[in-house]
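Comments concern the structure below.
From a predicted model like this one, the values you see are computed outputs, not experimental measurements.
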Amino acid sequence: MSSAAMIDRYRWWEIILIYCGIAVFLFFVLAPFVEGFLVSLKPLAQLFSSPYRFWPENGSFEAYRTMWVSVPGFGRYIFNSFFISIIVTLIVLCLVIPAAYAFAKFEFKGMGILLGAFLTVNMFSGAVLLIPLFRLMRSMGVLNTYLAMIVPGVAFLIPSAIWLLRTYMIRIPQELNEAAFMDGASHFYTLRRVILPIAMPGIIVVAITTFIGAYAQQFIFALTFNSKSEYMPLPVGLFAYFGKQEVIWNELMAASFVGIAPAMVVIFFLQRYLVGGLTAGAVKQ
């Protein structure tokens, strides 16, 4: 069925309501980002002027220059965040791909209990487990290192990644597995040569969501498990703008946009794979 035929099923006023709903949704999603960008262009004194001006008067990109001076080592914080997120993503993928394949294509004793346990793990906040995690990190001797944030990041992101990728792999026809086994292929060979090429859109979705999750949860782990600035990620660097007397809001917003810009560029170029992975398998072939 063509898209034109689907559109013709709606009346003109229904189409207007749909687009109005989309516009309202986009407004609430994008408004904070637009306001944050405009704040980064305003002088600090203008942020508290009365009446409040939405559009900056004599706006400039001065905050984007001065933020590097306000927080020395800001570039290092950005590097640390991306380094930690990339390592967490790679480790999660290496562990999740074979696990999701096993949960999707095989029946074994205790599978339902394990899947339920994964969901239970996701119910716990990282803040609740900070003390036992701190003692664990100390016993492992990894405090004040990258591993202090990589290890708990991997542990918290694996359960949701397994569920997401398992759901995708279930849609891959079981006949492909059976045909490979009939030809004498091992489970590992079947996963590597048959399943992985088909599951690549789903793997990309898992990789992107894992990267975003690892990027977002660094703050609490960094403050608890690290005291050395050379290992601190970007969220801690942004926290440095909160002074005892005032908050440098324009530089904080500028630093935030600089910090998320590389991630947004990556997501922009991978969005077609993200959409393809989310929609693939939604329609039964």
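Nearest heavy atom pair, residue Met169 against residue Ala199, reads CE-CB, 4.2 Å.
For the residue pair Tyr146 and Asn80, a side-chain donor N or O sits within less than 3.5 Å of a side-chain acceptor on the partner.
Judged by distance alone, with hydrogens and angles left aside, the side-chain atoms of Lys105 form no donor-acceptor pair with the main-chain N or O of Ala100 at under 3.5 Å. Under a 3.5 Å cut-off, the side chain of Lys42 and the backbone N or O of Ser60 do not form any donor-acceptor pair.
Rounding to the nearest 0.5 Å gives a distance of 10.0 Å between CG of Leu223 and CE of Met149. Here Leu17 contributes atom CG and Trp12 contributes atom CH2; the two are 9.0 Å apart, rounded to the nearest 0.5 Å. Taking OG from Ser81 and CD1 from Ile260, the interatomic distance works out to 12.5 Å, rounded to the nearest 0.5 Å.
Residues Leu133 and Phe221 are in side-chain contact: their nearest non-hydrogen atoms beyond the backbone lie under 4.5 Å apart. Looking at heavy atoms from C-beta onward, Phe134 lies out of side-chain contact with Leu130 at the 4.5 angstrom threshold. Looking only at side-chain heavy atoms (C-beta outward), Phe181 and Thr190 come within less than 4.5 Å of each other. The side-chain heavy atoms of Pro201 and Tyr168, taken from C-beta on, include a pair separated by under 4.5 Å. Taking the side chain as every heavy atom from C-beta outward, Ile16 and Cys20 approach each other to under 4.5 Å. By the 4.5 Å heavy-atom criterion applied to side chains, Trp68 and Val258 are counted as neighbours.
Classified by interplanar angle (parallel below 30°, tilted 30° to 60°, perpendicular above 60°), the ring pair Phe103/Phe108 is tilted.
Taken together through direct or relayed side-chain contacts under 4.5 Å among Ile, Leu, Val, Met, Phe, Trp and Tyr, Tyr189 and Leu191 form parts of separate hydrophobic clusters. A single hydrophobic cluster is seen to contain both Phe83 and Leu93, as judged by linkage of ILVMFWY side chains at heavy-atom distances under 4.5 Å, directly or through other members.
Under a 4.0 Å N-O distance rule, the pair Glu14/Arg11 does not qualify as a salt bridge.
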Return a table of donor-acceptor pairs under 3.5 angstrom between the side chains of residues 227-234 and protein atoms on other chains or two or more places apart.
| from | atom 1 | to | atom 2 | distance (Å) |
| --- | --- | --- | --- | --- |
| Ser227 | OG | Asn144 | OD1 | 2.9 |

Identify every side-chain donor-acceptor pair in residues 155-165 under 3.5 Å, counting partners at least two apart or on other chains, and give the distances.
| from | atom 1 | to | atom 2 | distance (Å) |
| --- | --- | --- | --- | --- |
| Ser160 | OG | Leu157 | O | 3.3 |
| Trp163 | NE1 | Leu115 | O | 3.1 |

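Listed by chain and residue number, nothing satisfies the salt bridge (Lys or Arg N to Asp or Glu O under 4.0 Å) test with Arg193 (two or more places apart in sequence, or in another chain).
In summary, the aromatic rings of Tyr101 and His187 are positioned with their centroids too far apart to meet the 6.0 Å limit.
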Exercise. Evaluate the side-chain hydrogen bond (donor to acceptor under 3.5 Å, both in side chains) criterion for residues Tyr64 and Ser40: first the C-alpha distance (whole Å), next the side-chain angles of each, then the deciding distance (0.1 Å), finally the verdict.
Key: CA-CA 8 Å; Tyr64 288 85; Ser40 69; 2.9 Å; yes
